[in-house]
2 protein chains.
Amino acid sequence: MADKREQILTVAEKLFGDHGFDGTSVRDIAQHANVNLAMISYYFGSKEKMLEALLEMRANYTMLEALNKDESLTPWEKMDKVIDFYVDKIMGNLCFHNIMQQGNNSRSEDIKELITRIKLRNFEQIKKILLDGQKKKIFRKVDIELTVGTVMGTISQTTLARPFYTTLLNVDKNNDEAYRKKITPRLKTHLKQLLHAHLDIKNEE
Amino acid sequence: MADKREQILTVAEKLFGDHGFDGTSVRDIAQHANVNLAMISYYFGSKEKMLEALLEMRANYTMLEALNKDESLTPWEKMDKVIDFYVDKIMGNLCFHNIMQQGNNSRSEDIKELITRIKLRNFEQIKKILLDGQKKKIFRKVDIELTVGTVMGTISQTTLARPFYTTLLNVDKNNDEAYRKKITPRLKTHLKQLLHAHLDIKNEE
DNA sequence: AAAAATTAATTAAACGTTTGTTTAATTCAA
DNA sequence: TTGAATTAAACAAACGTTTAATTAATTTTT
């Protein structure tokens with residue numbers, strides 16, 4: 001059954017995201033997915049291969065490429081859409097994003113490389129937008145690598161340091177939905193305002 | 001011996017930072033610290049208590065408070081110093097910073113609360129600087145919580161997604177020192193430029 | 001179309017390690 | 001001589017993985 005494979009991966013995503021790879025046992029996953037323990041080896045070969053399968057499943061490439069090819073949009077509009085896209089994407093799947101962040105500390109080089117490859121691919125698209133804006137004298141010269149890092153880092157911060165932000169924003173720390181609802185629009189507004197000031201060529205020193 | 005306690009914690013910091021709490025065994029720590037396995041329970045009671053002891057040891061409160069009380073500095077100068085302080089602090093101890101980030105996903109509520117408390121304390125100091133700048137009509141109105149998140153998040157991103165950035169910046173991924181040397185000045189420059197554009201009241205829309 | 005043969009899916013049980021922690025004996029210092 | 005520091009060994013529990021047996025589904029043969 002193909003959907004049973006997916007069912008296992010969905011449960012694994014939740015548990016890996018909540019407790020980390022090493023903090024989650026294959027028995028945990030099997031139990032929550034209502035499958036026999038041996039099915040995980042049967043389907044994926046090993047716990048680590050299962051994580052790789054999960055990363056492959058969730059890594060969708062198409063969105064940013066499509067956005068970039070739309071020539072009716074100005075660089076400003078594109079950057080706004082990038083922000084909306086990433087905030088929605090990350091806030092819509094906090095667990096997977098946690099996995100992507102924590103995977104960088106994996107002992108498996110394969111997994112680190114896989115994650116790096118996914119991130120590089122997305123980075124290249126944003127870089128194109130920024131370079132285009134600079135060429136058109138709309139954006140000023142900035143550190144492109146770290147500007148992308150700022151966007152990703154700001155969003156990541158609100159999910160990774162979540163206990164900190166729930167305290168700060170007075171949200172019930174166990175209510176995922178309430179937190180998402182509160183932080184999503186704020187993140188979008190803040191990042192757009194931040195990038196506007198940062199990139200606008202009128203603010204060149 | 002008090003220094004043996006510290007020696008264990010130093011080794012634990014390195015291993016926890018590299019492989020995570022669950023990815024590090026107490027036998028690993030004992031072996032690398034050249035102490036008997038039982039000494040860890042003897043000194044700290046448990047693996048988790050050892051992590052708490054490590055967090056307590058490294059959480060130094062004084063620096064930002066002192067900076068804030070210095071009335072000879074303008075809000076701009078204070079923010080620049082905050083950036084220097086955090087970049088140096090995090091880049092000078094990547095392992096500890098990793099622990100602080102990953103600890104948010106700990107299953108221990110004690111540890112999550114401890115980390116949150118440390119972060120809140122630092123946040124309050126930066127908030128004071130930003131509010132003071134706004135009162136003096138130097139800084140414009142911004143989302144203070146997320147502005148701090150941007151500073152922390154941007155730095156975190158370069159340490160947490162390190163395999164990504166070593167690839168991006170063409171640095172040997174196994175050479176800690178080379179990466180630190182390359183990323184530290186860039187981070188400071190980028191963050192100061194970013195915050196300047198973001199906070200300057202002249203850029204008010 | 002029914003029966004037989006073959007492959008795939010699923011299971012409970014066991015495998016050998018590794019885990020964090022404890023014990024009880026021993027060495028060391030005051 | 002008393003109490004703290006240190007040790008090797010053992011503890012039970014949990015770990016990822018494998019095995020061998022059984023059931024379900026599919027294909028082949030009659």
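Within every chain, numbering begins at 1; the chains are lettered A, B, ... in the order of the sequence lines, protein sequences first and strands thereafter.
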Return the nearest nucleotide to the side chain of [X]; candidates are [options].
X: B:Asn36; options: D:dT7, C:dG20, C:dA14; result: D:dT7
X: A:Ala38; options: D:dA8, D:dT6, D:dT19; result: D:dT19
X: A:Met39; options: C:dA9, D:dT6, C:dT22; result: C:dA9
X: B:Tyr43; options: D:dT17, D:dT6, C:dT21; result: D:dT6

Task: Lys/Arg-Asp/Glu bridge criterion (N-O < 4.0 Å) met for B:Lys192, B:Asp84 - done: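 Counted as a salt bridge, because a side-chain N and a carboxylate O are separated by less than 4.0 Å.
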
Open item on the list: Check this for me: does any side-chain nitrogen of one of A:Asp200 and A:Arg140 sit under 4.0 Å from a carboxylate oxygen of the other?
Closed with: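 The answer is no: the pair does not qualify as a salt bridge.
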
Task: Sugar-phosphate, base or nothing in reach of A:Ile40, heavy atoms under 4.0 Å - done: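 Counting heavy atoms under 4.0 Å across all strands, no contact is made by A:Ile40.
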
TODO: Select base, sugar-phosphate, or nothing to describe what A:Ser25 touches, counting heavy atoms under 4.0 Å on all strands.
DONE: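 The residue A:Ser25 makes sugar-phosphate contact but no base contact.
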
Taking [atom1] from [X] and [atom2] from [N], how many angstroms apart are they, rounded to a whole number?
X: A:His19; N: D:dC15; atom1: NE2; atom2: C1'; answer: 16 Å
X: A:Leu37; N: D:dA14; atom1: CG; atom2: P; answer: 14 Å
X: A:Ile29; N: D:dA14; atom1: CD1; atom2: C1'; answer: 15 Å
X: A:Arg27; N: D:dG16; atom1: CZ; atom2: P; answer: 7 Å
X: A:Phe21; N: D:dC15; atom1: CZ; atom2: P; answer: 13 Å
X: B:Phe44; N: D:dA5; atom1: CZ; atom2: P; answer: 13 Å
X: A:Lys47; N: D:dT17; atom1: NZ; atom2: P; answer: 8 Å
X: A:Asn34; N: C:dT11; atom1: CG; atom2: C1'; answer: 14 Å

Open item on the list: Over 60° means perpendicular and under 30° means parallel, so tell me whether B:His198 and A:His190 are parallel, tilted or perpendicular.
Closed with: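 Geometry flag for A:His190 against B:His198: perpendicular rings.
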
TODO: Kindly say if A:Lys4 contacts the phosphate of C:dT10, meaning a side-chain N or O under 4.0 Å from OP1 or OP2.
DONE: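 Looking at the OP1 and OP2 atoms of C:dT10, one of them is under 4.0 Å from a side-chain N or O of A:Lys4.
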
Open item on the list: Using OP1 and OP2 only, check whether a side-chain N or O of A:Tyr42 sits under 4.0 Å from C:dA8.
Closed with: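 It does not, given that no N or O in the side chain of A:Tyr42 lies less than 4.0 Å from OP1 or OP2 of C:dA8.
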
Task: Member of B:Thr158, B:Thr159, B:Asn98 meeting the side chain to side chain contact (heavy atoms under 4.5 Å, CB included) criterion with B:Ile90 - done: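 The residue from B:Thr158, B:Thr159, B:Asn98 that satisfies side chain to side chain contact (heavy atoms under 4.5 Å, CB included) with B:Ile90 turns out to be B:Thr159.
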
Open item on the list: Closest-nucleotide mapping onto DNA chain D: is A:Gly45 or A:Gly23 further toward the 5' terminus? I mean the 5' end.
Closed with: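 Final value for this comparison: A:Gly23.
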
TODO: Give a yes or no on this: more than 12 heavy atoms of other residues, nucleotides or ligands lie within 6.0 Å of atom NE2 of A:His19.
DONE: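 More than 12 heavy atoms, drawn from other residues, nucleotides or ligands, come within 6.0 Å of this atom.
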
